[in-house]
Amino acid sequence: MPMSVRKFSIPEILFGRGSMQYVGTCARRLGAEKVFFVSDPGLKKAGWVDKVFELLETEKLSWVYYSNVVANPRDHQVQEGAQLYLDEGCDVVVSLGGGSPMDAAKGIALVASNGGKVHQYEGANRIHRPLPPMVFIPSTAGSGSDVSQFAIINDVQRRVKMSIISRTLVPNISIIDPNILTTKTKSLIIAAAIDAIAHAAESYVSKIASPFTEVHSLKSIDIIIKVLPAALETRGIDALEQLSVASTSAGMAFSNASLGIDHALAHSLGGMLDVVHGLIHPVLLPHVLRFNLPACPDKVADIGEIVLGKRYSSDEKTALAGIEKLEEFSHQLNVSTRLRDIITDRASLPQVCRMAVNDSCLLTNPRPATWEEMLQICEDAW
Amino acid sequence: MKMDTRLEDLIGLEDTKLGFFKEVQIKMRELQESNLKLKEKRQQIQAILDGITDVMAVISLDYRIQSVNHVFYRVFPHPEPQDEFCYRVFRNQDSPCSPCPLSEALETNHVSRQMYIYHLKGENRQFEITASPLRDQRGIPEHMLLLKRDVTVEKEYQAKYYHAEKMATIGLLAAGVAHEINNPLTAICGFAEGLKRRLPRLEERLGDLQNDKKLARDLQEYVETIIAEGHRCRDIVQNLLTFSPRWNASLTAVDLNFIVVDVLKILEHHLKKKLPNAICLDLDPALPRPMGIAAELKQVVLNLVLNALEAIQNQGKITLRTRTRGDDWIVLSVKDTGYGIPEENLDKLFEPFFTTKPVGKGIGIGLSTCYNIIRQHKGEIQVESSAGQGATFRVKLPMP
Ligand SMILES: [Fe+2]
């Protein structure tokens, strides 16, 4: 790879407890008069949506609320949202939520400003006109969508997760308020944290990792391993805040260095079988790291060292011990670690893998993989 | 679709978050272009509006003038008609006119027309007024458009045209009749002359008786009367024949001033006796020479002067004037201070057989002959007069 120039781009980030109160000001600063606000029913129930309404009202902004979003957001939901955006004459997109509402919001902003169907933007750098300003408030410490240049939308007909990649999808402002995490269930916090670990690990070994992404990747893993158990037990705001830092770091890393086989498969599984994203990584990530080990033993060893807190005589030993420790970590969190626990249809795996080799995440994986090799990974994880 | 995604695309060195600056630039350029187009369109419409030579005014439904075109200021004296009531500005009235073309157009939802005579700058000008509703997008009248066209000149031309047409018809009729009468008249005159020549022989054969002498005298008298009246008829017929178009009369440059002087010479004897100081001459020494037939024009001048003498009777003045008018006309005018011509007669003045003289005196051929002669010179003859105010006859001949 002759390229030695790298890029590191992130949105403006407001970080800290209570930072959410700036959502109205941020939107207004970006020129908002009528906000298109995307969230989901869970956050409405928890009262956070009403809180945002209040904050927008304080700034004398009107808004349109859109919540027809599910996990693995669907193409038609994006189209419907974009139409509503245009019909209502909105000017700024605000999203509060996990990866799904945020990715849906990106898709809506994209279609509303560039027109057509969301499908035509699948791939890298296919967006040619600016998007409305976006202000995102992540409600989970994991997805990283609030800082990333990715939007993952489900093509219902083809049963594929489309990756749309463009610097233009990086939101203008990310408001990270750990207070929101206090109302999250234990399982949601775990799923998000493990997603963040996967982001960190995959971006660290990525072919286009740079010093700026690597430092965030390692920092993220370090924090999550140390803080997650305590965060789950005490629900202390200090620990939750650390998780927010970790997931944002992971997000910054993978937005700029991209991901690997684990996410290629996760997108495929999500698209075909509608598996919840966060459940997949405890199952696949250790096997993916083992597969990648020959290509970059030193880097997998770096991850091992962070997880273990020490290094063994060889990179290989450190790496393998670290992977084992990660599996153990998942066990302790009481999440499924076998593929059979999260999907029922083993026969569809070849199809899943055939589709996954086309995923752009595979481009940055340190070791090239055929669909058969990916199937082997899935079989190992079964 | 996404198969061609490359590593370089993920790094995206050449791609950056798109902002609105470029969009704004494009939008601004588009706006500038469309603004320019609008401006051109506006100028085009303005040019069209400026090209309209009628007075144009947009008037609100409560009779207030919203705007007027530039022609308004040329025609009407009001310096600032905006927001004023139309009836005040146009007719100097305190309440809407009756009938009002605006309200008529509004009621009938149709264009309404009206003729009206405005007294402007010391002249009566006849205007055709057109009112039509200006509708908004829903078709509801919002304002009224008022057009006022000065049709004074058209009306004059129209009257002239009708007159010329009438004259032509009458002329044709008269000429036809004249031709028909000419032959029998020649026979009558010829045979009467024949009779007259034979009268002395008849007289010889008659005796010296009182009765015979009386018979001879009577015959003599009757034949002479027949001849005299026959000649009068011949003159009338000759005059009537001037209505027929001449086919091959040769035109020469004519000195109008000389003609005037010549005519006065003919009348010298008559004038000296009755009105030695009645004639005033105002002749342009640099007068161009129109193309014409001198004898015919002399006849016209003589006719006009005789008429003028008739009009002033034993007192007053006659002014003969020659002038050029503009680049197109040479004008000879004969102005008298006589009893004038009543308005109702002005129209009929040039018709054959029209006369104001008592029956038996004059035959009214004179002015109609003048009319025909001048017409055949491609000129015009006009009269301006009112009863008791004298009269002016103007003969206009085209510049050579
Ligand atoms: Fe992920």
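Quick note: numbers below take in every heavy atom, side chains included, and nothing from hydrogens, waters or symmetry partners. Lettering follows sequence order; numbering is per chain, from 1.
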Test side chain to side chain contact (heavy atoms under 4.5 Å, CB included) applied to A:Arg126 and A:Gln120, step by step: CA-CA 8 Å; A:Arg126 293 178 170 277; A:Gln120 71 202 60; over 6 Å; no
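Looking at A:Leu131, the atoms closer than 4.5 Å to chain B (heavy atoms on both sides) all sit in the backbone: N, CA, C or O. Proximity to chain B is limited to the side chain of A:Ile165, based on heavy atoms less than 4.5 angstrom apart. There is no contact between A:Pro11 and chain B, counting heavy-atom distances below 4.5 Å. Within the 4.5 angstrom heavy-atom criterion, atoms from both the backbone and the side chain of A:Thr364 approach chain B.
Partners of A:Glu214 under the side-chain hydrogen bond (donor to acceptor under 3.5 Å, both in side chains) rule, at least two apart in sequence or in another chain, are A:Lys299. Residues satisfying the ring-ring contact (aromatic ring centres under 6.0 Å, His included) test with B:Tyr116, not counting sequence neighbours, are B:Tyr118.
The 12-atom threshold is not exceeded at CZ of B:Arg113, counting heavy atoms of other residues, nucleotides or ligands nearer than 6.0 Å.
Annotation: maximal heavy-atom pairing with chain B below 4.5 Å, among A:Asn256, A:Ile127, A:Asn172, occurs at A:Asn172.
Residues A:Phe8 and A:His216 meet the side-chain proximity criterion, which asks for heavy atoms closer than 4.5 Å.
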